[in-house]
2 protein chains.
Amino acid sequence: MTVAHPGPAVAARDVESAAALMRERGLRVSAARRLVLEVLFATREPVRAERIASGLEGRFPRSDLGSVYRNLETLEQVGLVRHLHLGHGPGLYALADGRPSEYLLCESCDAVRVVVPAQLDRVRRLLHERFGFEARFSHFPIVGTCADCARRASAEQADP
Amino acid sequence: MTVAHPGPAVAARDVESAAALMRERGLRVSAARRLVLEVLFATREPVRAERIASGLEGRFPRSDLGSVYRNLETLEQVGLVRHLHLGHGPGLYALADGRPSEYLLCESCDAVRVVVPAQLDRVRRLLHERFGFEARFSHFPIVGTCADCARRASAEQADP
DNA sequence: TTCGATGCAAATAGTTTGCATTCTA
DNA sequence: TAGAATGCAAACTATTTGCATCGAA
C-alpha cells in the first residue's frame, strides 16, 4: 500500500496501452497483472484490493490477493495507478488520470464528495500563504460534516 | 477505535477529576482504567494504544492491550479522550482539552505541524461557502508537503 | 533460457471480541 | 453481591512477505 517511489502519474487510454507502457519500463505483462488493469478500466472508481482479487464479484476471473497488492504497488510506481484512504477502512485503488480527483468525506454519513482540484485551489493557496504548506486532498480527503448532515444536526439541536 | 457515540469533549484537570466524572456517568474506576488516564496525563501528546499498554515503556505498570482499547473507547464516549489518525500507522489517543488541536502532515518527511483551530478558520469558512461542508482537521489531518520539503523538492528539480 | 512474476501459505500490524474470573460501587 | 470491567486468547481486517514454481520476453 505504501509506495516507495510513486512515479509521475500516467494516464493510459486502455489496457493495451497500459500494457505497452509496462513493457517499455522493462516490466512484464502477466495474466494476473493484465487482470488488475482490466478491472481498474472496467470500474472507473476507486476500489479495494479485495474487490479486484474477486474480479468485481465474478465479472472477471478471481486472482490471488497477495499478487494483486504486489501488482498495485508496481502499477503505482509506474504511475498508472494511485491509491487513496477514505477515513477508516481499506485503501482504494484507481487508474491515475491526469488531474487526480480530490475528496470531501462526511464522517456522519460516509458520503464522499468528489471535486476537481481547481475547486480547492483557493483553499490550497490559503494554506500555502499561511503555512507554506502544499496541501493535497487526493490521497487523504478533507474530513468533516457534509451540508446535509450539518443541517440535520442543527435541526435536531433546535428541536430535540 | 471507531467510537459509536463520541460525547462532547470534556477537559479534566487531573486523574482524580477524570475519575470523578467517570463515576458521575455511572462508570467504574478500575485500576486498569485509572492507569490509562495516568498515562494520558503523564504524556501530554497523542500516543498509540500499544504505548499506553506498555506503561510508557515501563514508567507505569503494563496493562492488557485489549483492555486499553476498550477503555479508550469508553473514555472517548465520555468525552475525556479523542483519537486521531496521522496518515498510515496506528491511531493516536490523547486527552480531550477544550479546543482540539488540528494537524498538517507532511507526506515526505512525516513532520506533523500542530495548529490551533483558529488558524484554520479561514480555510474552514472557504470550504463552508463553497461546499456547505464543515471541515475538521483534528481527527484526520491536512496532508501534503511541508515548506521545507517543498523547497528541497524544487531545489532538486532545478539542480538534479 | 532467464529471471521477473505468480500462487499459496504464513507472518505482521492494528484492533476487536468471547468468556470465565475479578473487583468496584 | 450484582454486574461492570478485566485478562487472556482467539478472531479479524488489511497488508506484506518467503519461497518454490511458472512463464513472458
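Just so it is clear: chains get the letters A, B, ... in the order the sequence lines come, proteins before strands, and each one is counted from 1. These numbers come from a predicted model, not from an experiment.
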Practice problem: With the side chain of B:N71 defined as its heavy atoms from C-beta on, choose the nearest nucleotide among D:dG7, D:dA5, C:dG7. | Solution: D:dA5
Quiz item: From C:dT6, D:dA25, C:dT24, pick the nucleotide closest to the side chain of A:V29?
Solution: D:dA25
Using a cut-off of strictly less than 4.0 Å, decide whether [X] has a side-chain nitrogen or oxygen near OP1 or OP2 of [N].
X	N	value
A:R70	D:dT17	no
B:S67	D:dA5	no
B:R48	C:dG14	yes
A:Y69	D:dT15	yes
B:S30	C:dT24	no

Quiz item: Are the side chains of B:L80 and B:L40 in touch, meaning some heavy atoms are under 4.5 Å apart?
Solution: no
Could you tell me the separation between the [atom1] atom of [X] and the [atom2] atom of [N], rounded to a whole number of Å?
X	N	atom1	atom2	value
A:H85	C:dG14	NE2	P	14 Å
A:L75	C:dA5	CG	P	11 Å
A:I52	D:dT15	CD1	C1'	14 Å
B:L65	D:dA5	CG	C1'	16 Å
B:L35	D:dT6	CG	P	11 Å
B:E73	D:dA5	CD	P	12 Å
B:D64	D:dG7	CG	C1'	5 Å
B:M22	D:dA5	CE	C1'	10 Å

Could you check whether [X] gets within reach of a base, just the sugar-phosphate, or nothing at all, counting any heavy atom under 4.0 Å?
X	value
B:R33	sugar-phosphate
A:R23	sugar-phosphate
B:L27	sugar-phosphate

Quiz item: When you match B:G66 and B:A32 each to their closest nucleotide on DNA chain D, which lands nearer the 5' end?
Solution: B:A32
Quiz item: So B:H88 and A:H139, would you call those rings parallel, tilted or perpendicular, with 30° and 60° as cut-offs?
Solution: tilted
Practice problem: On DNA chain C, check which nucleotide each of B:R28 and B:P90 is closest to and give me the residue with the more 5' one. | Solution: B:P90
Quiz item: Under 3.5 Å, is there a donor-acceptor pair linking the side chains of B:N71 and B:T74?
Solution: no
Quiz prompt | A:R62 atom CZ: more than 12 heavy-atom contacts under 6.0 Å | solution = yes
Quiz item: Less than 6.0 Å separating the ring centroids of A:H85 and A:Y103?
Solution: no
